[in-house]
Amino acid sequence: MAADMASSKAGPHPWLGADSLGYNPVTGEFNDTLTGDYLWSNVNFGEAVTEVMTPLAWSVLQFTLDDWVFLPGYSTVGNIGGRPYLNISVFASLFQAIGRSRQDLLETMEGTLYMQLPEEMEIPTVPLSARELTAAVIRQVRMQFKQRQGTRALPSYLATNQAWCEQMVKRISAEASGPGLVTLWQDEIRPHIKRGVWTVLGTVDHSTGYTTPLRRELTALVGPEDANLLIANLSDEAGLLPSLGPVVGLAKVARGEMAREDYLAEYGHRGPHEFEISVPRPVEEPGWLDLQLARFRESPVDTETLLAQQRETFNAAWHRFATLYPGKARAMRRRIAESARRARLREEARSEYVRDRWLVRSFALCAGELSGLGDDIFYLTLGEALALLSGDERAVAHIPARRKSYERYKALPPYPPIIRGQFDPFQWASDPDRRSDISDSTAAPQSIADSDGSANAVTGSPGAAGRVEGVVRCLESPEDGDQLQEGEILVTVLTDIAWTPLFLRAAAVVTDVGAPLSHAAIVARELGIPAVVGCGDATMRLRTGDRVRVDGGRGKVEILSVGGSVGA
C-alpha cells in the first residue's frame, strides 16, 4: 500500500497541559506533522471546525476524543497549525494488517471522511506486531460497543438535553468558587459531555454506514445524478432537516407564526464557528435576531416553494427508478425512507452536541470570571484551566505568547485538506504558487497549475444534481454573505449551518471540501440547488466575476469566462 513510516508515537494529550513533539506549551504552537510521516485529512473536521482553534477549544476536542483511539500509542486526531486533522495512516495501517486493500479503506471511510485521494498518492503505514494488532482489534470492539450504546441513548439525549443544559448553565452561573466549579465539571459536566460525544459518533456511523452503500447501489442502477436525487428529500411529513430549521424558523417568526423566544431557544445556539467555544453563540448577541429578520425581509425567500419543487424533482427521479426496476421499487422505497430518517437523527444529534459545546463555553466564561482572566481563559488548555481554578497559576504566564501564535495562525488561509509528511503553514502560505488541495512533502513540488489537467474546468464530487450557468461569488465566511447577489454561484472552502441562508440566494454551490453526505451537498439537494463539492482547489481556480457552468450531477464546473473575458 505504501512505505512504512517512522514509529514516532504520539505524546501526552495537550488538554492535560503536557509537552509532545507536535506541541509547544510555552508558545501554544501546534504541528503534529513533526511527529512522523503520516497522511492527514481534515475534510470531515473542516466542516465542524471552520477556523483555527484556541488552545482551550482544541483541548476540549482532545478531551472528548481521548478514548476514540484505534491504534494504541498513535493519535487518531492531530493538530496542525491550530486546525484538527484525522490521521489516515492509523486506519490504513489497520487495514493493511488484516489484508484489506487501499480501495476498501477509501470506500469504508467515504461516508465519514469526505475524502478523495489521487490514485498515485501513497498512504504511509505503521508496521504492527501481532500484539499491537490484537490490542487494536480489542479497542475497536470496545468503541463499537460504545457507539451502539450511544445510538440506543439517542432518544433520551434528544428529549432531555436542552432542559439539562439550561439547568446546568444556571448552576454554573451560581457557582462562587473555583474548586466548586471544578467539582461541578468533574462530577456532572464531564460525564455528560462524554456520553454526548459517543451518542453523536454512534448516530453518524448509524447513518453514513447505511446511506453510503445505498448511494453506491443506486448509482450503479440509475447513475450518479438520479442517485443523488433519490437520497435527498430528507424533509418530509416525518420532519424537517435540522440544517434547514433556522431558515424555515426565521420565516415563521417573520410571518408571526413563531415566537421570538421560541426561535432563540430552539436555534440560538447554532451559528458560525459553533465548535469554537471562544465565539459567542447568536443568542448571546443583542440584536442578532433583529438583524436576521431585517435581512430576510429585504430579500424574502419562499422556502416552502423550494422544498415543494425539490419533492417534485425527487418524485420524477423515483418514477424513473420504479419504471426501470418495478421488482425492486417497494424495498428500495423503504430503504430510502430509512436513510432519510437516519440522516435527520444524525443532524438532530449534532445540534444537541453543539448545545453541549455552548455549555462548555458557559463553564469557560465562569472560569474566566472566577479566576480574573476573563477571555484570556481561552488560551489555557482544559487541564490548565482546571488547575487554575484549584490554585495553580503557572500556565498563566504563557498566555501572551499563545495569543500571539493563535493570531498568526488565524491570519493564514485554510490549509490543504490533505497533508502528507512535514508541513509548515507559514512557508506554505508565503508561496504564491501553493496548492490549496494537497501538500505532500515527500513528492516533487507542484503548483496549483499542476493539480488539474484541464485549464478550463474544476472537478469534484457530485453534490446535488442540476445544471446552471452564472457568475462566481467567492466568499471566505458567512459573515460576508451580504456580497452574494441572487442567482450567483457561491464558491467557498466549505459550508456549515451558518451558510444555509445563503443557499436560498445562490444558483449553485461549489466547495473545496465536502462529499455527497456533507453539509453543502445535503442542503443543496434539499433545496434543489446544483452543487459540486470536494473540489480541493475551487477557491484558488475561480475568482469573483468569472462565469461558469455548474454540472452538479457530473461534479464538474466549466469556466466559460474569466473576469468578464471569454475563456480559451
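- Leu380 contributes atom CG, which lies 10.0 Å from atom OG1 of Thr54 (distance to the nearest 0.5 angstrom).
- Between Glu175 and Thr183, the closest side-chain pair of non-hydrogen atoms is not below 4.5 Å.
- Minimum interatomic distance between Pro242 and Glu348 (heavy atoms only, all atoms of both residues): CG-CG, 3.5 Å.
- Using modelled atom types, no side-chain atom of Ser59 and backbone atom of Thr381 make a donor-acceptor pair closer than 3.5 Å.
- A donor-acceptor pair shorter than 3.5 Å cannot be found between the side chains of Ser278 and His273.
- Side-chain atoms of Leu229 and Val222, non-hydrogen and from C-beta on, never get closer than 4.5 Å to each other.
- Remark: Arg330 CZ is loosely packed, at most 12 non-hydrogen atoms of other residues, nucleotides or ligands lying under 6.0 Å away.
- Residues Ile529 and Ala464 approach most closely at O-CB, 3.1 Å, considering heavy atoms.
- You'll find the side chain of Ile88 stays beyond 4.5 Å of the side chain of Trp40, heavy atoms only.
- Under the 30°/60° scheme for interplanar angles, the aromatic rings of Trp358 and His269 are found to lie parallel.
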Output a table of donor-acceptor pairs, distance under 3.5 Å, between side-chain atoms of residues 137-156 and any protein atom two or more places apart or on a different chain; print 'none' if there are none.
unit_1: Lys146; atom_1: NZ; unit_2: Asp67; atom_2: OD2; d: 3.0
unit_1: Thr151; atom_1: OG1; unit_2: Gln147; atom_2: O; d: 3.0
unit_1: Thr151; atom_1: OG1; unit_2: Gly202; atom_2: O; d: 3.2

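- Environment of CD in Glu338: crowded, with over 12 heavy atoms of neighbouring residues, nucleotides or ligands closer than 6.0 Å.
- Between Tyr23 and Phe30, the ring planes are parallel. Angles under 30° get that label, and only those over 60° would be called perpendicular.
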task = Output, in order, the C-alpha distance, side-chain angles, deciding distance and verdict of side chain to side chain contact (heavy atoms under 4.5 Å, CB included) for Arg83 and Val49.
result = CA-CA 8 Å; Arg83 296 178 183 268; Val49 183; over 6 Å; no

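- Panel note: side chain Arg505, backbone Leu484; a donor-acceptor pair is recorded below 3.5 Å.
- Taking the ring centroids of Phe63 and Trp185, they lie under the 6.0 Å cut-off.
- Side chain of Tyr379 to backbone of Tyr406: no donor-acceptor contact under 3.5 angstrom is found.
- Contact check for Leu359 versus Ile172: side-chain heavy atoms found under the 4.5 Å cut-off.
- When all heavy atoms of Val90 and Ser75 are compared, the pair lying nearest together is CG2-O, 3.7 Å.
- Ring planes of His519 and Phe503: perpendicular class, angle over 60° (limits at 30 and 60°).
- From Leu221, atom CG reaches atom OH of Tyr325 across 4.5 Å, with rounding to the nearest 0.5 Å.
- Annotation: side chain of Trp288 is in contact with side chain of Leu264 (closest heavy-atom distance under 4.5 Å).
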key: side chain to side chain contact (heavy atoms under 4.5 Å, CB included) between Ile522 and Ser243, worked out   = CA-CA 9 Å; Ile522 290 174; Ser243 287; over 6 Å; no

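- Residues Leu218 and Phe321 are in side-chain contact: their nearest non-hydrogen atoms beyond the backbone lie under 4.5 Å apart.
- In this structure, OH in Tyr85 is found 9.5 Å from CD1 in Ile418, a value given to the nearest 0.5 Å.
- Ionic pairing of Glu352 and Arg355 is present here: one or more N-O contacts between side-chain nitrogen and carboxylate oxygen are shorter than 4.0 angstrom.
- At least one donor-acceptor pair closer than 3.5 Å links the side chain of Asn315 to the backbone N or O of Arg311.
- Once rounded to the nearest 0.5 Å, the distance linking CG of Leu158 with CG of Leu345 reads 7.0 Å.
- Between the side chain of Thr492 and the backbone N or O of Leu475 there is at least one donor-acceptor pair closer than 3.5 Å.
- In this structure, Arg260 pairs ionically with Asp290, as a charged nitrogen and a carboxylate oxygen lie closer than 4.0 Å.
- What you find for Ser390 and Val182 is that their closest heavy atoms are OG-CG2, 3.8 Å.
- At a cut-off of 3.5 Å, with distance as the only test, a side-chain donor of His192 or Asn161 sits close to an acceptor on the other residue.
- Side-chain atoms of Thr219 do not come within 3.5 Å of backbone N or O of Ala227 as any donor-acceptor pair.
- Rounding to the nearest 0.5 angstrom, the gap separating the CD atom in Glu347 from the CG atom in Leu241 is 4.5 Å.
- With hydrogens and angles ignored, the 3.5 Å screen pairs a side-chain donor or acceptor of Asp32 with a backbone N or O of Asn79.
- For the pair Gly196 and Asp356, the tightest heavy-atom approach, listed with the atom from each and the gap, is CA-OD2, 4.3 Å.
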Met332 vs Trp318, side chain to side chain contact (heavy atoms under 4.5 Å, CB included): CA-CA, chis, key distance, verdict = CA-CA 10 Å; Met332 183 59 73; Trp318 173 251; 4.0 Å; yes

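- Residues Glu384 and Leu388 have side chains not in contact (no heavy-atom distance under 4.5 Å, counting atoms from C-beta outward).
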request  = Determine, stepwise, if the pair Leu86 / Asn42 fulfils side chain to side chain contact (heavy atoms under 4.5 Å, CB included).
outcome  = CA-CA 6 Å; Leu86 199 67; Asn42 80 335; over 6 Å; no

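- When atom types are taken as modelled, the side chain of Ser461 and the backbone of Gly463 share no donor-acceptor pair closer than 3.5 angstrom.
- Between Pro414 and Val493, the closest heavy-atom pair is CG-CG2, 4.0 Å.
- For the pair Ser207 (side chain) and Thr203 (backbone), a donor-acceptor distance under 3.5 Å is absent.
- Of the charged side-chain nitrogens involved, none lies within less than 4.0 Å of a carboxylate oxygen, so that Glu107 and Arg100 do not count as a salt-bridged pair.
- Residues Trp499 and Val523 have side chains not in contact (no heavy-atom distance under 4.5 Å, counting atoms from C-beta outward).
- Expressed to the nearest 0.5 Å, how far OG of Ser371 lies from CG of Asp376 amounts to 9.0 Å.
- A donor-acceptor pair under 3.5 Å is absent between the side-chain atoms of Arg350 and the main chain of Val200, judged by distance alone.
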